[in-house]
Amino acid sequence: MVTYKVIGDCKGVCTYGIIAVDSDRVLDEIKDISVNKNAVEELAWLMNREQLSLIHFRDAVEDFLVREY
C-alpha cells in the first residue's frame with residue numbers, strides 16, 4: 001500500500017514536499033511543493049485517508065498548487 005509522507009528541505013528557505021512510499025521503498029517524490037508545512041501535511045493526510053493511487057499523485061499535487069496559489 002502506498003503511503004504519502006511530508007519531507008522538508010531547509011537550505012535557506014524551508015520548503016516541503018511529499019514522498020510516496022511502499023514499505024520503505026520510495027516510489028515517487030515531489031520536492032518544494034510549498035513553504036506552508038501545514039498545507040503540505042494536510043495534503044499528505046488527505047492522500048493517505050483516501051488511499052490515493054500512485055498514478056494520481058502528481059495530478060493531486062498539481063491540483064493542490066492551482067488551488068493554493
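Position 1 is the first residue of the sequence; numbering continues from there.
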### Task
Establish whether Ile19 and Met47 are linked, either directly or via other cluster members, by ILVMFWY side-chain heavy-atom contacts under 4.5 Å.
no
### Task
Please list all pairs passing the disulfide bond (SG atoms under 2.5 Å apart) test where one or both residues lie in residues 19-69, with sequence neighbours left out.
none
### Query
Which residue pairs pass the side chain to side chain donor-acceptor pair (under 3.5 Å) test when at least one of the two sits in residues 37-51, sequence neighbours left out?
none
### Query
Given the rule that I, L, V, M, F, W and Y join up when any side-chain heavy atoms are under 4.5 Å apart, are Ile18 and Leu65 in one cluster?
yes
Please report, to 0.1 Å, the donor-acceptor pairs under 3.5 Å made by any side chain of residues 25-33, with sequence neighbours excluded.
{"unit_1": "Asp28", "atom_1": "OD1", "unit_2": "Arg58", "atom_2": "NH2", "d": "2.8"}
{"unit_1": "Asp28", "atom_1": "OD2", "unit_2": "Arg58", "atom_2": "NE", "d": "3.0"}
{"unit_1": "Asp32", "atom_1": "OD1", "unit_2": "Thr15", "atom_2": "OG1", "d": "2.4"}

### Message
Would you say Val2 ends up clustered with Val40 if hydrophobic residues are merged whenever their side chains have heavy atoms under 4.5 Å apart, either directly or through other cluster members?
### Response
yes
### Residue pairs fulfilling salt bridge (charged side-chain N to carboxylate O under 4.0 Å, His left out) with at least one residue in residues 1-12, sequence neighbours excluded
none
### Query
With ILVMFWY side chains joined below 4.5 Å, transitively, what does Val35's cluster contain besides itself?
Val13
### Query
Going hydrophobic residue to hydrophobic residue with side-chain gaps under 4.5 angstrom, can you get from Leu54 over to Phe64?
yes
### Atom of Asn36, atom of Ser34 and distance for their closest heavy-atom approach
N-OG, 2.9 Å
### Query
Taking the side chain as C-beta and beyond, is there a heavy-atom pair between Leu43 and Val61 under 4.5 Å?
yes
### Query
Is there a side chain to side chain contact (heavy atoms under 4.5 Å, CB included) between Asp22 and Thr3 once you walk through the steps?
CA-CA 6 Å; Asp22 186 5; Thr3 304; over 6 Å; no
### Message
Strictly by ring-ring contact (aromatic ring centres under 6.0 Å, His included), give each pair with a member in residues 3-26 just once, sequence neighbours left out.
### Response
Tyr4-Phe57
